[in-house]
Amino acid sequence: MFKAIAGWVIKFKYLVVSFWVILAALMAFTAPSLQEVSKLDQSGFMPADSDSAKASALLKQYFPNESASVSSLYLIIYNHSTLNQNDMDYAHSLSLWLSSESAPAGIGEINSVFSHPQLSSRLISPDNTTMLIDVGLLQSAQDQQSENIITSIHAQITNMPDGLEVFVSGEAGMMKDLYAALAESIDLTTIVTIILVSVLLLIIYRSPVASLVPLVTIGIAYLVSRGVLGYMAEAGVNIWSQLDVFIVVLIFGVGTDYCLFIMSRFREELHKNQTRWEALKTALGRISAVVSASAIALIVGLMGMSIARYQMIQTMGPSLSVSIAITLLSAITITPALASIFGGKIFWPSKTNATRPEKLAVSPSKDKFRFWNWVGTITTKHPLPIALVIIGLLLIPYTQLSHQRLSFDTISELPQDAESVIGFNKLTEHFNIGEMMPATLVLADENGGNLSNIAILAELADLTASLESLKGVDAVQSVLQPDGTAASGAALRAANQVLGLIPVESSGNTNPVNLVSDQTLAGFEFIRTYLQELGQSFPWLTEETSYRDSISSLDNIIDTLQDIRYAAQIDTQLNTLTGQLRQTADALRLGYPAQAEIAFLVKAYMLESAQTYSFIADLYDYQQAMLKVDKLATLIAQANADGSIASELDSLAYSTEHLAFVIGSQGVFYLFPQSLPADNSPANPVEILLGETRLFSQNMRSLSNTFTANGNPYFISQTLMQTSLELDSLANMFYSEDQSGTRLFLILSDSPYSNESMDTISEVKALLQTDTLGSHISGLDCGIQGTSADMQDIRDIMEQDFTHIQLIIIAGVFLVLLVLLRSIVAPIYLLLTVMLSYGATMGIITWLFQDVLGHSGISFMLPIILFTLIVALGSDYNIFLVSRIREESETKPIKEAVKNAISSTGGVIVACGLILGGTFAAMLTSPILTMYQLGAAVAIGIIMDTVIVRGILVPSLATIVGRWNWWPFHNLKK
C-alpha cells in the first residue's frame, strides 16, 4: 500500500507540494488565531457536574445580584510609608472616574471606601499603606473588552502623588499578563525551535538541501494544524490557549522525527538500489508503515486524554492528535515529493548520488555508526548485567517521588515582574488574603423553604462551630457572626433581642406629649407583634410565666396609653368642656346653683391651646368663642341675669363643640393643660406609664433570663428586620431574597492556591457529608465556590482523570504494538520500559524543580501531560527500533538481529530524541512556569529514553527474551 502511495506521490510530486503550500497559505491568512478563540482561564474547563460548577450555579440562582459581575479587576493603591490625604484624593478621583460616563464600557459595580465606607476595614490595610478598589466587570476576564478597560485605566493613571504606586491586578489583570506572557512564549519558543531544528538537521545531514526538506514539511504541517485548531475553537471546542506552544514543539519535534525516519531509510536504500525512484519507493514501503504506526501510537496515546472530565485535558489530547495526523500526512507526502523533486542532489554536497549506483555498493558495516555498532555488540554480549544496571540507575530517581508536591498556584505561573503579580503580592503582604479571597459555602432549599427559621439557625450554629474547629479554617462569616466572631452575631440572640426592646425609663421632666405620641404607641405595638412572633416560633415559650406576664403587662401599657391618648386630645377636652357648659346652662334654667364662671376656665384653656398650637387662634370658631366668653363676663357682672347667662353658655358650647370638630378634622393634637383643675385634666401620664413600664421591664428581663437558661437560641425576627438596618443588611448579605438560600464565607488560614487550603476544602466537603449535621441542613443543596474550591475540584478531577487516562493509554498503545509487532511479549516489556522512563523523569524533575530551583511544586498539569507524551513518544522509538529488530530477525539469529538493528537505528533514534528533546527544551525560554517545567521535563525524559532506555536497555531485554519476543504469533526457532 505504501509503495503505491509512494508511486502516486512521486508521479504527482508538484501537485502534492502545490496543494499543501496553498492549504498552508489559506490557513495562515484566513483561520482565526488560537489566542483569540481559545480559553486561558482554568475554571472555564470545569465539567458541569463538578462541585464548584454546581456551587456557582447555586450562587447565580439564589444570589443573582451578586453574580452580576462576570469577573473582577483590582486596583491596588500603595504607598510604602502610609497613604496620605493626597493619595486618598487621587484614589477618590480614580473611583469617581470609574463610575462616570467617561469610563470605558463593561464596568459593573465599584467597591471602594468612597462608595462603601463601612467596608474600610476590608479595603484599606491595617498598616494604612495599601488600598484596594474592586472593579466588577460585566464580561469575562479574557474578553477583549476587559483588556480595553485595563488599557484605559493605564492611560488614566497619570500624575500620581510622590511615593504613590498603582497596580492593576485581579482576575482580568492576571489574564492580560498571562496572554502577554503566552504571546512572548509562543514567539520565543517558535524562534528557538526553528533555529534548533535547523542546526541539528545541518549537523545530522551536513546538507542544506536535506535539512530544508524536513523544515518545509514541518512548517506546512504547523500552519495547517494551527489553522484547523483555530476553526475548531471558533466552532465551540474548548481549546487551551497554551496549546499553541505545545503545537510548535510537538509538530517540529515529531515531524522532524518522521522526516528523519524517512530520509535515513531513503539514504540507506540509495546504497542498495539502481535508481532514486526505486530507492524512494522501497524506503517508503518499509518505513511508512513504521512511521504510521508510530503516529498511530502517539495519536492513540493522546486520544486517551479525551476521557478526562477536566476539559483542558479532555480537548488537549484530540487537538494534538489532529496536529499529529496532519503532520503524518505531510511527512509521508511532502517529504517524498520533495525528495523526488531534488533527486540525488538532496544530500548535496554528500557523495551519495543515485545516478552513480556503482559507487554506492558500499559494505553496510562501513556505513554504520561505529559507536552504535559497539553498543550493539556490548548489549548483546552482556545483556543481563547491563539491563540490571540500567534498571537500577533508573530506579534511583524514584526516591524523590515521595516528597513531590503539585502546585496549583496561578500566580506562580506568571513572570514575577508582571504588574498583576506585583500588585497581588502587595495585597498578600498587607492584607489577610484569606479574608479577601474566602471560600463561599452555599446552602439552599430547592423547595423554597425559609432558612431563617430557628431550627435551621440552631443547626447552622452547630455547623459553624464544626467548620471553625477544622485546622485550616481561621473564621466563618455567616448571618450568625457577620465578621467571623460570635460577638458580631449578638443581635440575633433571642435573650439580647428581648433586652434590647425594654423601653428606656422616662424621667419626670419628659414632655408628656412625646410620651403619648403615635411613635410611642407604635413602639409598644411593635413589641407586642415581636412577642407574638416569638411565641409562634418557640411554642414552649407560651407556657413560661415570664412570657405570659410580659404579654399581660404590655397589654396594660397599650390599653392605658390609648386611654391617656384619648383624654389628652384637644378635641376630646373641648368636647368635655362643651358638656360642662351645657350642664351649667341647664342648671341655671332650672334654678339650681351653678358656677357660670366656668366660662373663664374655658377661656384660659383656649388661650393655652392657642399658645401651644398657633393655628387654633386663627380659627373662626375660636375667635367667636373668645367673644362669647367676654360677653358672658359682662352678664355675670350684672345681677339677676341667669336667663341671659344660660343662653350665652349654650351659644359658647356650640362654638367649643364646633371648634373641637374643626381641630379634630385637621389631625390629632395632644395637650396636657395647666389651666384646667385636676378633676378636669387627664391623669398624669408620666406616672401612670412609668409604673406600667417598670413592671413590663421586670417581666422582659425575666423573659430574657428564660432564653438564657435555654441556651439563648438564635432568632431572626421578621418583625425586627422591618425596623433594624443591621438585621436587614445581614439578611441581604447572607440570605437570598426569599431566604430559601444562605451562604457562609470560610476564611482559610493558608494561601487560597495552596494544597493546604485545598485539603481544608476537602475536609469541609467531608464534614458536609457526615451524619453529624442536623436533619434540616443535611437535606439542603450545598456547594463550595471560590479559588480554593475551584483548585480542589481540579485536583480531585485530575487525580481521577490521571488514573483513567493511564489505563486507557497503556491499553491503547499495547494494542498498537500488539498489532504492529504481532507479539504479546515484546509490547509488555516495551511498555514497562516506557513506564520506567516516566517514573525516573518525574523523580529527576522533582529533585530539580523543588530541591535545586526552589519551586513551590510541580505544575499540576505536568504529570498527566508528561505521562502521555513519554509513553506515546517512547512507543514511537520502540516501534522504530523493535520493528527493525523483527525485520532483521527474520533472516538472522536474535543477537545478530539486535546488533544490526541498534547499529542501523541507534544513531537515528538518538538524533530524533535530541531533536524532539531540543524542541521541548525550547520551552525553557517561556516565561510561563508550566511551559518551562514541562519543556524541561519532556526534554530530559525523551533524551534519557532514547539514549539509555531505547539505545541500551531495550536491546538488552530483547536479547534476553530472544525468540520469545515474537510469541505467540511467530515461530520460536533459533
Side-chain angles (χ1 to χ4, degrees), residues 286 289-290 293-294 296-297 300-301 368 372-395 398 809-840 870-910 913 944-974:
R286 289 283 189 176
V290 176
S294 299
I296 291 171
V300 167
K368 294 177 180 176
W372 290 105
N373 191 36
W374 175 79
V375 170
T377 301
I378 295 297
T379 54
T380 54
K381 188 175 182 179
H382 308 286
L384 184 58
I386 288 176
L388 290 176
V389 169
I390 295 298
I391 292 172
L393 289 174
L394 292 176
L395 287 175
Y398 275 72
I809 291 177
I810 291 172
V813 172
F814 177 81
L815 288 176
V816 173
L817 293 174
L818 180 70
V819 172
L820 179 69
L821 301 177
R822 299 187 300 280
S823 166
I824 292 177
V825 176
I828 291 175
Y829 73 73
L830 291 176
L831 278 174
L832 289 176
T833 61
V834 171
M835 295 293 292
L836 185 64
S837 292
Y838 167 74
I870 291 293
V871 172
L873 293 173
S875 297
D876 274 8
Y877 303 123
N878 273 329
I879 290 170
F880 187 61
L881 172 62
V882 179
S883 63
R884 187 58 180 263
I885 294 175
R886 184 181 180 88
E887 181 183 333
E888 295 284 344
S889 69
E890 291 176 357
T891 57
K892 302 178 184 67
I894 190 64
K895 286 189 176 183
E896 185 179 350
V898 171
K899 179 181 176 181
N900 288 345
I902 192 63
S903 181
S904 299
T905 63
V908 177
I909 290 175
V910 170
M944 179 177 64
D945 187 75
T946 53
V947 175
I948 299 176
V949 178
R950 249 30 68 197
I952 303 174
L953 180 59
V954 170
S956 299
L957 294 175
T959 304
I960 293 171
V961 176
R963 292 287 174 177
W964 287 94
N965 278 292
W966 324 121
W967 183 87
F969 303 110
H970 195 278
N971 62 61
L972 302 177
K973 63 183 179 182
K974 299 294 182 185

Quick one: closest heavy-atom pair of W967 and S823, and the distance?
O-OG, 3.4 Å
Any heavy-atom pair between the side chains of R950 and V834 that's under 4.5 Å?
yes
Any donor-acceptor pair under 3.5 Å linking the side-chain atoms of Y829 with those of N965?
yes
NE2-OG1 distance between H382 and T377, expressed to the nearest 0.5 angstrom
10.0 Å
Which atom of A297 lies closest to which atom of V813, heavy atoms considered:
O-CG2, 4.0 Å
Heavy-atom closest contact (I902 atom, P955 atom, distance):
CD1-CG, 3.9 Å
Any chance you could measure L836, atom CG, to M944, atom CE, to the nearest 0.5 Å?
7.5 Å
Taking the side chain as C-beta and beyond, is there a heavy-atom pair between I894 and W964 under 4.5 Å?
no
Looking at G301 and A872, what are the two nearest heavy atoms and their distance?
CA-CB, 4.4 Å
Looking only at non-hydrogen atoms, find the nearest pair between I386 and I952 and report the distance.
CG2-CG2, 3.4 Å
Would you say the side chain of P383 lies within less than 4.5 Å of the side chain of K895, judging by non-hydrogen atoms?
no
What one should report as the nearest heavy-atom pair of S837 and D945 is OG-OD1, 2.7 Å
Pick one: which of N878, V819, L817, L832 meets side-chain contact (heavy atoms from CB on, under 4.5 Å) with P827?
L817
Identify the residue among I909, T905, I879, N900 that makes a side-chain contact (heavy atoms from CB on, under 4.5 Å) with R884.
T905
Spacing of OG1 belonging to T379 relative to NZ belonging to K899, to within rounding of 0.5 Å:
9.5 Å
Atom pair CG/CD1 of L815 and I810 - distance to nearest 0.5 Å
12.0 Å
Side chain proximity check, V949 to V954, heavy atoms < 4.5 angstrom:
yes
What is the distance from atom CD1 of I828 to atom CZ of F814, rounded to the nearest 0.5 Å?
5.0 Å
In Å and rounded to the nearest 0.5 Å, what is the CD to OG distance from E896 to S903?
11.0 Å
Taking the side chain as everything from C-beta on, heavy atoms only, tell me whether V898 gets closer than 4.5 Å to E888.
no
